[in-house]
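Chain letters run A, B, ... following the sequence lines, proteins first, then strands; residues in each count from 1. The figures here come from the full heavy-atom set of this structure, side chains too, leaving out hydrogens, waters and symmetry mates.
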Amino acid sequence: MNFIEEMTWRGMIHDIMPGTEEQLNKEMTAGYIGFDPTADSLHIGNLVQIMTLVHFQRAGHKPFALAGGATGMVGDPSGKSQERNLLDNKTLNHNLECVKKQLEKFLDFDCGDNAAELVNNYDWFKEINFLDFIRDVGKHISVNYMMAKDSVKSRLETGMSFTEFSYQLVQGYDYYWLYENKNCKLQMGGSDQWGNIVTGTELIRRKGQGKAFAITTPLIKKADGTKFGKTAGGSIWLDKNKTSPYKFYQYWFNASDEDAANFIRIFTFKTKEEIEALESEHKEAPHLRVLQKALAEDITIRVHGKEELQNAIEASQLLFKKGDEAIAAFKNISEQLFNDVFEGVPQGEVAMSELEQGIEIVSFLTEASGFLPSNKEARRALKENSISINKAKVKMDAIVNTSVLIDNKYILLQRGKKNFFVVKVV
RNA sequence: GGGGAGAUUCCAGAGCGGCCAAAUGGGGCAGACUGUAAAUCUGUUGGGAAACCUUCGAAGGUUCGAAUCCUUCUCUCCCCA
């Protein structure tokens, strides 16, 4: 199966420039995707592009991952309704380093002819001065053409700086440069990048008299219409310090049936047969969530490794066990495992001396442990019957004392099904 | 430079000088139903046990009383030059 076929059945192709498939079938082709250093970590939205590059490499082509040291300084207006604030150089460089490190984890940089390469567009842009750029590059692209782009058109009402307006030319030049210097004939990216990519192929056609191609991936959507990769707490990051492996695992595990079926095609390398088998298994016994499980395991292991996955699974099992079973499991846990398992779960501390005297539930939930922000919130939660201590629901008038200690050290607090909090007694 | 519009609680968006901690929708959280799913229904969504306290871009002022009136300032948007 070739690259295009692979991408097609996985639902990862949104738009493709005519002639692309012929080019890919003809020879080993170099292709690239750009990543902007807007944060100090990539998030799971970028994972689509990463997977695309990996598929590309697996199909025998040569992938380039471009870190946008230069484009990051300008700011891509695509999909943005407002002018963006520019990052200062220090932040930008820090972000760039972090992003580079993450990208290196996914691609094979040492496999001969089609080994992946990492490039930074700042390396060629730092040599270019403004006058040369507007003479040699700007001359080939008309303002009319640039204005016709969606990213520009949609901003005509609210306004847009010259800086952001120029963005497509800067990105276009990247493509041109890679075409000239690395024989790169394909650029891929999210569907919002189509305009920018096409400016590049246009530049290659006019300035380089060459032919270059483009593929975009669809914007990933969830069935309920909410944004993919975002939770109330923010993005799901690939950096485990920003999103713990436990949370990361849980994000995928909690995917709806419909989403899980789409995600497993996009974010794993499982074959069509494997996926279809999983799907029918899932249909037989939906409550087992085999689809979500397979999805979550596959991605977590690739991003965080086997060990972190194990911890995430153990934490999940422990936290979602029912009643006595959970407590039993909890009691047997070693301190080491406890720390690993609950790394991503918020924690607080309470003094043993206080606990011995007994603490009224409301103040235990707030001042003593720091689980909930205010007494009012605590009362509300108790009224809603949503608070559990060690998996058992508690009432408004409860007094917390040493009798609820697990292993003489911990208390597991919980609000609702999914919000956990560990109190360590010191 | 000239003219106009606006800034409200997480977001959008109402808001007669007293009955406004502030309508409504969205989002969030929780409960029921489940499968740690979706859909649906219900409750809740500044702090305080309460009296009451702190909030409606900022600072002053008028008033017994201001998110609502006045002054200045800051910021945003639109139109004209």
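- Comparing the C1' positions of B:rA67 and B:rG13 gives a spacing of 14 Å, expressed to the nearest Å.
- A:Lys149 pairs by the salt bridge (charged side-chain N to carboxylate O under 4.0 Å, His left out) definition with nothing, not counting sequence neighbours.
- Atom CH2 of A:Trp252 is separated from atom P of B:rG35 by 25 Å (rounded to the nearest Å).
- Atom-to-atom, OH of A:Tyr251 to P of B:rA37 comes out at 14 Å; the value is rounded to the nearest Å.
- Summarising the local packing, NZ of A:Lys247 is surrounded by 12 or fewer heavy atoms from other residues, nucleotides or ligands at distances under 6.0 Å.
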> When you check every protein heavy atom under 4.0 Å of nucleotides 38-52 of chain B, what one-letter string (B, S, -) results, 5' to 3'?
Replying inline: SS---BSS-SBS---
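- Applying the side chain to side chain contact (heavy atoms under 4.5 Å, CB included) criterion to A:Ser386, with sequence neighbours excluded, gives A:Ala381, A:Glu384, A:Arg415.
- In this structure, A:Leu372 atom CG and B:rA30 atom C1' are separated by 12 Å, rounded to whole Å.
- By the salt bridge (charged side-chain N to carboxylate O under 4.0 Å, His left out) test, A:Lys221 pairs with no residue at all, sequence neighbours left out.
- Side-chain proximity of A:His282 to B:rG35, B:rU36, B:rC29: nearest is B:rG35.
- By the salt bridge (charged side-chain N to carboxylate O under 4.0 Å, His left out) test, A:Lys242 pairs with A:Asp40, sequence neighbours left out.
- Taking atom CG on A:Asp259 and atom P on B:rU36, their separation rounds to 18 Å, with Å as the unit.
- One can place CD of A:Gln250 at 11 Å from P of B:rU36, the figure rounded to the nearest angstrom.
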Going by atom type alone, with no hydrogens or angles, which donor-acceptor pairs under 3.5 Å involve a side-chain atom of residues 288-305 of chain A and a protein atom two or more places apart or on another chain?
from	atom 1	to	atom 2	distance (Å)
A:Arg289	NH2	A:Phe253	O	2.9
A:Gln292	OE1	A:His282	NE2	3.4
A:Gln292	NE2	A:Ala255	O	2.9
A:Gln292	NE2	A:Asp257	OD1	3.1
A:Asp298	OD1	A:Arg302	NH2	2.2
A:Thr300	OG1	A:Ala296	O	2.6
A:Arg302	NH1	A:Phe267	O	3.4
A:Arg302	NH2	A:Phe267	O	3.4

Enumerate donor-acceptor pairs with a distance under 3.5 Å from any side-chain N or O in residues 418-426 of chain A to protein atoms, sequence neighbours excluded.
from	atom 1	to	atom 2	distance (Å)
A:Lys418	NZ	A:Asn254	OD1	3.4

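- Side-chain contact check for A:Glu274 and A:Thr271: at least one donor-acceptor pair (N or O, by modelled atom type) lies under 3.5 Å.
- The separation of B:rU54 from B:rA22, taken at their C1' atoms, amounts to 14 Å, rounded to a whole angstrom.
- The list of salt bridge (Lys or Arg N to Asp or Glu O under 4.0 Å) pairs with a residue in residues 308-317 of chain A, not counting sequence neighbours, reads A:Lys240-A:Glu308.
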> Reading RNA chain B 5' to 3', how would its secondary structure be written in dot-bracket notation, given Watson-Crick and G-U pairs with both distances under 3.5 Å, brackets [ ] for crossing pairs and | for partners on other strands?
Replying inline: (((((((..(((.....[.....)))((((((.......))))))((....))...(((((..]....)))))))))))).
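- B:rA37 atom P lies 22 Å from atom CD of A:Glu284, rounded to whole Å.
- Annotation: proximity of residues 288-312 of chain A to RNA chain B (heavy atom, distance under 4.0 Å) is found for A:Arg289, A:Gln292, numbered in ascending order.
- Note on A:Ala255: only backbone sugar-phosphate atoms sit closer than 4.0 angstrom, heavy atoms only; bases stay farther off.
- B:rA39 and B:rG26: their P atoms are spaced 13 Å apart (whole Å).
- In this structure, A:Lys418 places its NZ atom 8 Å from P of B:rA30, rounding to the nearest Å.
- The list of salt bridge (Lys or Arg N to Asp or Glu O under 4.0 Å) pairs with a residue in residues 346-357 of chain A, not counting sequence neighbours, is empty.
- Between the P atom of B:rU36 and the CD atom of A:Gln414 lies a distance of 12 Å, rounded to the nearest Å.
- Shown here are the salt bridge (charged side-chain N to carboxylate O under 4.0 Å, His left out) partners of A:Glu279, two or more places apart in sequence or in another chain: A:Arg265.
- If you check the side chains of A:Thr217 and A:Gln49, you find a donor sitting under 3.5 Å from an acceptor.
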